[in-house]
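All residue numbers in this chain count up from 1 along the given sequence.
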Amino acid sequence: MPNTEAPASFMDPQADTTIAVADGVQANVRLYGSKKRGEVAPLVVHFHGGAFVAGDLDCGYTVGHALAAAGACVVSVAYPLAPENPFPRPLEVGYAVLQWAYKRRTKLAGKDAPLYLAGEEAGGNLAAGVTMMARDQMHPPLAGQILISPMLDPCAGTASQRAARGESTECKWAEGWRQYLGGSYDAEHPYAVPAGALRLAGLPPTLILVAQADPMHDEALRYAARLEAAGLTVFSHVFTEDGQWPEALLEPQPECCPCAAQLEAQLRHFFETTRCRS
């Protein structure tokens, strides 16, 4: 049976634990932030990057830390990786963790805490896909989604992708997509490829963050434009001092990311703007 209590270690600024999210299914998570007595914080389920095939909870430290510094309580998920666990397994686990967090939101972050999804790179894809799952299942209600340099399009043929590769014929993101999508039919599923989704109505407010020289720059901003065209609330920002973005996001030290302070500011503004909607 799933756990019925939030881990006591959640009160630590940063703690790893294993939770039971469904019958026979467990997930390793890292918890950032702490609930303050008498206050309600945003509660964020977060997915790290790694092109679907790599990465762990340490890779999510920079973004997890920024989310907590912006005032959130964070459940960062070590989702199963491809190719051993291709689509839809990581999404299924992610959605189960989201349901787990929603049931315990009052204990984790305060009474009726607003719930968000967030992710960077491949984790941004999972956040977008799980957001669509929550919309289609009509549960749980979400206050917003935060997509940071999200991998949304497996074609990997945008100008920003070509600029990032230079003369190299190898592309770790294209290879990650190949491992994640079990077959060509998966590339037609909106949960796997949010950029190709035909129905965008009903999605919550969205924050999309990219860098100027970001390989995912074009596909992310194109998705933002499509969300806006569908009449949805969208916030987007392009960082100019990007350094080794998005690789810097996957480093376990926030100081490795030249935009860490700006990232925190964007997250804090998004929480302040959207949390009253939930």
Enquirer: Would you mind checking if Arg89 and Glu92 are paired as a salt bridge, meaning a charged N to carboxylate O distance below 4.0 Å?
Expert: yes

Enquirer: I need the single residue from Pro90, Pro83, Pro88 that forms a side-chain contact (heavy atoms from CB on, under 4.5 Å) with Tyr180. Which is it?
Expert: Pro90

Enquirer: Do side-chain atoms of Asp214 reach the backbone of Val210 as a donor and acceptor pair under 3.5 angstrom?
Expert: no

Enquirer: Going by heavy atoms in the side chains, are Leu200 and Leu232 under 4.5 Å from each other?
Expert: yes

Enquirer: Contact between Val75 and Val44 at the side-chain level, heavy atoms closer than 4.5 Å - yes or no?
Expert: no

Enquirer: So, taking the atom named CD1 in Ile146 and the one named CG in Leu67, what distance separates them when rounded to the nearest 0.5 Å?
Expert: 5.5 Å

Enquirer: Keeping Glu120 on the side-chain end and Pro150 on the backbone end, is there a donor-acceptor pair under 3.5 Å?
Expert: no

Enquirer: Determine, for Arg268 against Glu264, whether the closest basic-nitrogen to carboxylate-oxygen distance falls under 4.0 angstrom.
Expert: yes

Enquirer: Give the C-alpha distance, both sets of side-chain angles, the deciding distance and a yes or no for side chain to side chain donor-acceptor pair (under 3.5 Å) between Gln145 and Thr131.
Expert: CA-CA 7 Å; Gln145 61 174 337; Thr131 296; 3.3 Å; yes

Enquirer: Can a donor-acceptor pair be found, under 3.5 Å and without considering hydrogens, that links the side chain of Asp153 to the backbone of Glu219?
Expert: no

Enquirer: What distance separates Leu152 CG from Met216 CE, expressed to the nearest 0.5 Å?
Expert: 9.0 Å

Enquirer: Please answer whether the main-chain N or O of Leu115 pairs with a side-chain N or O of Arg105 as donor and acceptor at a distance below 3.5 Å.
Expert: no

Enquirer: Quick check against the 3.5 Å criterion: does Asn125 have a side-chain atom that pairs as donor or acceptor with the backbone of Ala192?
Expert: yes

Enquirer: Between His48 and Tyr79, is the gap from one ring center to the other below 6.0 Å?
Expert: yes

Enquirer: For the residue pair Val63 and Tyr61, establish whether any side-chain heavy-atom pair is separated by less than 4.5 Å.
Expert: no

Enquirer: Would you compute the distance between atom OG1 of Thr233 and atom CG of Leu203 and round it to the nearest 0.5 angstrom?
Expert: 11.0 Å

Enquirer: Does Phe271 have its ring centroid less than 6.0 Å away from the ring centroid of Tyr116?
Expert: yes

Enquirer: Is Asp56 salt-bridged to Arg30, going by a charged N under 4.0 Å from an acidic O?
Expert: no

Enquirer: Keeping the roles fixed (side chain from Gln26, backbone from Ile19), state whether a donor-acceptor pair exists under 3.5 Å.
Expert: no

Enquirer: Does any part of the side chain of His189, heavy atoms only, come nearer than 4.5 Å to the side chain of Phe87, both counted from C-beta?
Expert: yes

Enquirer: With the side chain counted from C-beta on, respond yes when Ser149 and Phe239 share a heavy-atom pair under 4.5 Å apart, and no when they do not.
Expert: no

Enquirer: Tell me whether Met133 shares a hydrophobic cluster with Leu227, the cluster being built from Ile, Leu, Val, Met, Phe, Trp, Tyr side chains joined at under 4.5 Å.
Expert: yes

Enquirer: Check whether any side-chain N or O of Thr206 sits under 3.5 Å from a backbone N or O of Pro204 as a donor-acceptor pair, and report yes or no.
Expert: yes

Enquirer: Passes side-chain contact (heavy atoms from CB on, under 4.5 Å), Ile148 versus Leu249? Steps please.
Expert: CA-CA 9 Å; Ile148 306 173; Leu249 294 173; 3.6 Å; yes

Enquirer: Would you call Leu142 and Leu98 a side-chain contact if the rule is heavy atoms closer than 4.5 Å?
Expert: yes

Enquirer: Are side-chain heavy atoms of Val40 and Pro114 found at a separation under 4.5 Å?
Expert: yes

Enquirer: Using a strict cut-off of less than 4.0 Å between a Lys/Arg side-chain nitrogen and an Asp/Glu carboxylate oxygen, indicate whether Glu175 and Arg178 qualify as a salt bridge.
Expert: yes

Enquirer: Looking at His46 versus Tyr32, is the centre-to-centre ring distance below 6.0 Å?
Expert: no

Enquirer: Whether the side chain of Arg199 engages the backbone of Pro190 through a donor-acceptor N/O pair (distance < 3.5 Å, no angle test) should be reported.
Expert: no

Enquirer: Verify whether the ring centers belonging to Phe235 and His237 lie closer than 6.0 Å.
Expert: no

